[in-house]
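Just below is one structure, and these are the notes that go with it.
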Amino acid sequence: MDDAFIAQWLDKDHRMPLPWHRAINKLLRYTRLNVQLVPRSFRWGMANVEARMNLFHLASQCAELGIPGDIVEIGCNDGESSIILQHIANTLAPDKQTHFYDSFQGAPAPKGLDEDLKVYQKGDMATSLFTFYDHFRRVNLPLPADTNVHQGWFEDTIPDDLPDQISFALLDGDLYSSTKHVLPHLYSRMSRGAICMFGVYYDETVLSRPHTILQYRSPGVKMATDEFFSGKAEKVSVLYAGEYTNGYFRKK
Ligand SMILES: C[S@@+](CC[C@H](N)C(=O)[O-])C[C@H]1O[C@@H](n2cnc3c(N)ncnc32)[C@H](O)[C@@H]1O
């Protein structure tokens, strides 16, 4: 399966430097300024092309290998990442169902550790079900008639609305409380060999990004994840994603 659709559908192809970018950069090299022009990395959605490529490779691998179970995305926001997962399911594993989860009202009111971390306010990242479906329409991607879009707080939809067996999961809830609540339920339903990718997993001992914005580090995710994996056989690996950092583990 090719991955060119990511650049085309998600409008990321314009990261290609144009001739005038190259010309200006050539001139800039003669100055003492350590700068160059870089095309914008995205126009819509919540991540960059590196993160989308990471998602593509991990999810398509589970589909190609026939890891039993469905494909789930916890924290789907406006559907950009869901489009990638649905296209993989339609192309490589039409027998698998997809399940998408979000409040579509953005983050819940931060409490406890999330309140101390001060990364998100209630309603940050709010979108709508209309926008989610509209993004599928824009790329002309059919959603199965029985698409499983679970609108609500994770604390209400999970675990009750999770499929019994999971082949691939994208956990992208950004908050400590959301990750803490969801991860044990995902883990217990993942098949052997299944992969769970984290939309953010910032580990400064592996890849330090001191100048990146706090939301791209979302430290609560790593805290909740590390607490969960303490004493477990699996280990979370870091994946480069430009200004973001993704992570993943494979269930043993
Ligand atoms: C970073 S966004 C997801 C981005 C998306 N996966 C992508 O890559 O385009 C995080 C999402 O998690 C949702 N979220 C976080 N905590 C939640 C909770 N406890 N219940 C429901 N939704 C939650 C937010 O509404 C937000 O849309």
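Just follow the structure's listing: the first ligand is 1, and inside any ligand the first atom is 1. It should be emphasised that the depicted structure is a prediction, and the values quoted were computed from it without experimental measurement.
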Query raised in the report: When you look for heavy atoms under 4.0 Å from ligand 1, do you find them on the side chain of E155, its backbone, both, or neither?
Result: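 For E155, only side-chain atoms sit under 4.0 Å from ligand 1.
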**Report entry** Cluster overlap F56 with L141, hydrophobic side-chain contacts below 4.5 Å
**Finding:**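 Both belong to a single hydrophobic cluster.
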Query raised in the report: Between F130 and R137, is there a cation-pi geometry (under 6.0 Å to ring centre, at most 45° from the normal)?
Result: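 Verdict for F130: a cation-pi partner in R137.
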Report task. Check whether NZ of the Lys or CZ of the Arg K232 lies under 6.0 Å from the centre of the six-membered ring of Y187 and within 45 degrees of that ring's axis. Result ->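 Geometry flag: set, cation within 6.0 Å and 45°.
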Within-shell test, [X] vs ligand 1, heavy atom, strictly < 4.0 Å:
X    : answer
E73  : yes
R52  : yes
G152 : yes

Requested in this report: From atom 12 (O) of ligand 1, work out which of D172, I74, L85 has a heavy atom at the shortest distance.
Outcome: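 Minimum heavy-atom distance to atom 12 (O) of ligand 1 goes to D172.
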Query raised in the report: Taking atom 5 (C) of ligand 1 as the point of reference, which of A47, S218, S81 owns the nearest heavy atom?
Result: S81
Query raised in the report: Quick one: which ligand 1 atoms are inside 4.0 Å of a heavy atom on N77?
Result: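 Listed by number with element, the hits are 3 (C), 4 (C), 26 (C), 27 (O).
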Query raised in the report: Could you walk me through whether D174 and Y120 pass the side chain to side chain donor-acceptor pair (under 3.5 Å) check?
Result: CA-CA 9 Å; D174 279 353; Y120 292 102; 2.8 Å; yes
Query raised in the report: When F168 is tested against each of D70, L55, I67 for side-chain contact (heavy atoms from CB on, under 4.5 Å), which residue passes?
Result: L55
Query raised in the report: So, Q86 and N90: side-chain donor and acceptor under 3.5 Å apart, yes or no?
Result: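 Side-chain D/A pair, Q86 to N90: present.
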